[in-house]
Peer 1: 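Could you have a look at this structure, given as structure tokens, before my questions?
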Amino acid sequence: SGFVEALPPRIGTPHVSTPSNGTGAATSGDASSKRSTHPGTASLTQVRNPNFVPNGPLALAKVYSKYGLPLPPDLQDLINRIYQQLRQKRSTGSVVTTPQQYDVEYLTPVTIGTPGQNLEIDIDTGSSDFWVFSSETPKSQVDGQTCYNPNKSSTAKKLEGATWEIEYGDGSSSSGDVYLDKVKMGGVNFSSQAVEVASKVSAEFTADTNNDGLMGLAFGSINQVRPQKQTTFFENLQSSLDKPLFTADLKSGAPGHFNFGYIDKNAYTGSITYTPVNSTQGFWMWTSPGYTIGASGKFKSSPIEGIADTGTTLLLLPSSVVKAYYKNVSGASYQSSNGGYVFPCDATLPSFYVSVGDDARIKIPGKYMSYAPVDSQGQNCFGGLQTDDGIGFSIFGDVFLKAAFVVFDAGKERLGLAAK
Ligand SMILES: CNCc1ccc(Oc2cccnc2)o1
């Protein structure tokens, strides 16, 4: 007894004040900090936690739980109410999204600034910039779009030195500078959202007369603002939402919804199958195990890696899959003059099933597999399914997404898919 164990000195051990009573084997001091006056002892300076908010009932409850004792009923009720209030801080939102002709894109109302300026934008889960037509867009490039004017918003603040430019999969592009302002959508709002104002838009956007801009809901890692990237509207809201997710319920030829922070159980049938998302490229990227052509077709095991992209109209898959599908469509052929597969508009189109996880699949009805006529007589139609050649991954665009209820679950880095 009384022996001090000759333990090897532990580098970096903080000073701990353990009064040595000379009888027990005290732990050794350490070699990293100053020698304490009494060998074999140390001292630790405590600092108050500046973020601590004293709460009597919680402190009392802590004692009971420390000794595993049940809380007195009135204390339990109070604790329940306190946690209920903490939970209440969370929010949810829901906004209608309306398809343009042929479901080429879906437009959603958003309010920017003070007083609120109402624009219709294209929510795009395949990009991460929120940009709008603005007072800085040359008049020659505006054809009826509503323009956000930061000079008319008392809450707009220029993000000095910030600029952006972006090009999309269809070759369209835009660029400009950046303001921070209040943005409201579907009953949720964020007070200092990066609003990228366009000082230049390409002809495709000018021609897209009902579309006042894009709101990217992919990951902020691919935001195009420089010198510092900005976070998306959803990322800004995420911690204040009931759940860290949003859902897309696009419909064929009818309004649907984007919801934030909750899952509407009435919006889908059966169960939701979740599948992992790989966000390393900044997209909601996932892998389908394979597909089936037609109701009586045989499942084809063929991993398809692609992104869930509400901003792309069509379903773009590997050419082997596309060829196999159009083999079942009489009169279908690849027409370079039309830039894709075309078939007689009165052709019978088989349904197409995209597998999800181990034992689920999303059925795309045959009629979704015809996009729009390529000639004024409506003789031949452009396929809703085209190849992903040159992209590097597949794109599960609106043709696929409008056949499903889709959960974009950032909290668990996964995508949820259900029939509806
Ligand atoms: C329709 N062309 C203009 C236009 C509307 C939306 C977008 O942006 C896109 C295009 C393709 C993929 N993702 C976003 O461009």
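First listed ligand is number 1; within each ligand, the first listed atom is number 1. As the structure is a computational prediction, the values presented were derived from the model and not from experiment.
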Peer 1: Looking only at distance, does G311 have an N or O less than 3.5 Å from an N or O of ligand 1?
Peer 2: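 Yes, since at least one N or O of G311 sits under 3.5 Å from an N or O of ligand 1.
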Peer 1: Can you name the atoms of ligand 1, numbered from 1 with element, that are less than 4.0 Å from a heavy atom of T312?
Peer 2: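 So the atoms of ligand 1 that pass are 12 (C), 13 (N).
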Peer 1: For ligand 1, which part of V104 has a heavy atom less than 4.0 Å away: the side chain, the backbone, both, or neither?
Peer 2: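 Near ligand 1, V104 shows nothing, with every heavy atom at 4.0 Å or more.
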Peer 1: Once the angle between the rings of Y179 and Y148 is folded into 0 to 90°, is it parallel (under 30°), tilted (30 to 60°) or perpendicular (over 60°)?
Peer 2: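 Geometry flag for Y148 against Y179: perpendicular rings.
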Peer 1: Run the numbers for me: atoms of ligand 1, each under 4.0 Å from some heavy atom of S172, listed by number.
Peer 2: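 Matching atoms, with element in brackets: 15 (O).
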Peer 1: Can you find a heavy atom in the side chain of T310 that is under 4.5 Å from one in the side chain of F258?
Peer 2: yes
Peer 1: Examine D170 against ligand 1 and note whether any of their N/O atoms are separated by less than 3.5 Å.
Peer 2: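 Between D170 and ligand 1 (N or O atoms, distance only) the closest approach is under 3.5 Å.
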Peer 1: If only side-chain N and O atoms count, and only distance matters, is there a donor-acceptor pair under 3.5 Å linking T111 with N118?
Peer 2: yes
Peer 1: Taking only heavy atoms of E105, which atoms of ligand 1 are found under 4.0 Å from at least one of them?
Peer 2: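 Atoms satisfying the 4.0 Å criterion: 5 (C), 6 (C).
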Peer 1: Atom CD of residue position E165 - does it have more than 12 heavy atoms of other residues, nucleotides or ligands inside 6.0 Å?
Peer 2: no
Peer 1: What's the shortest distance from atom 4 (C) of ligand 1 to any protein heavy atom, and which residue and atom give it?
Peer 2: F205 CE2, 3.3 Å
Peer 1: How far is atom 6 (C) of ligand 1 from the closest protein heavy atom, and which atom is that?
Peer 2: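 Checked against all protein heavy atoms, atom 6 (C) of ligand 1 sits closest to D122 OD2, 3.3 Å.
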Peer 1: Using distance alone, with no hydrogens and no angle criterion, decide if S394 and E305 have a side-chain donor and acceptor under 3.5 Å apart.
Peer 2: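 Side-chain D/A pair, S394 to E305: absent.
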Peer 1: I want to check a possible cation-pi pair here: K412 against Y274, using under 6.0 Å from ring centre and within 45° of the ring axis as the test.
Peer 2: no
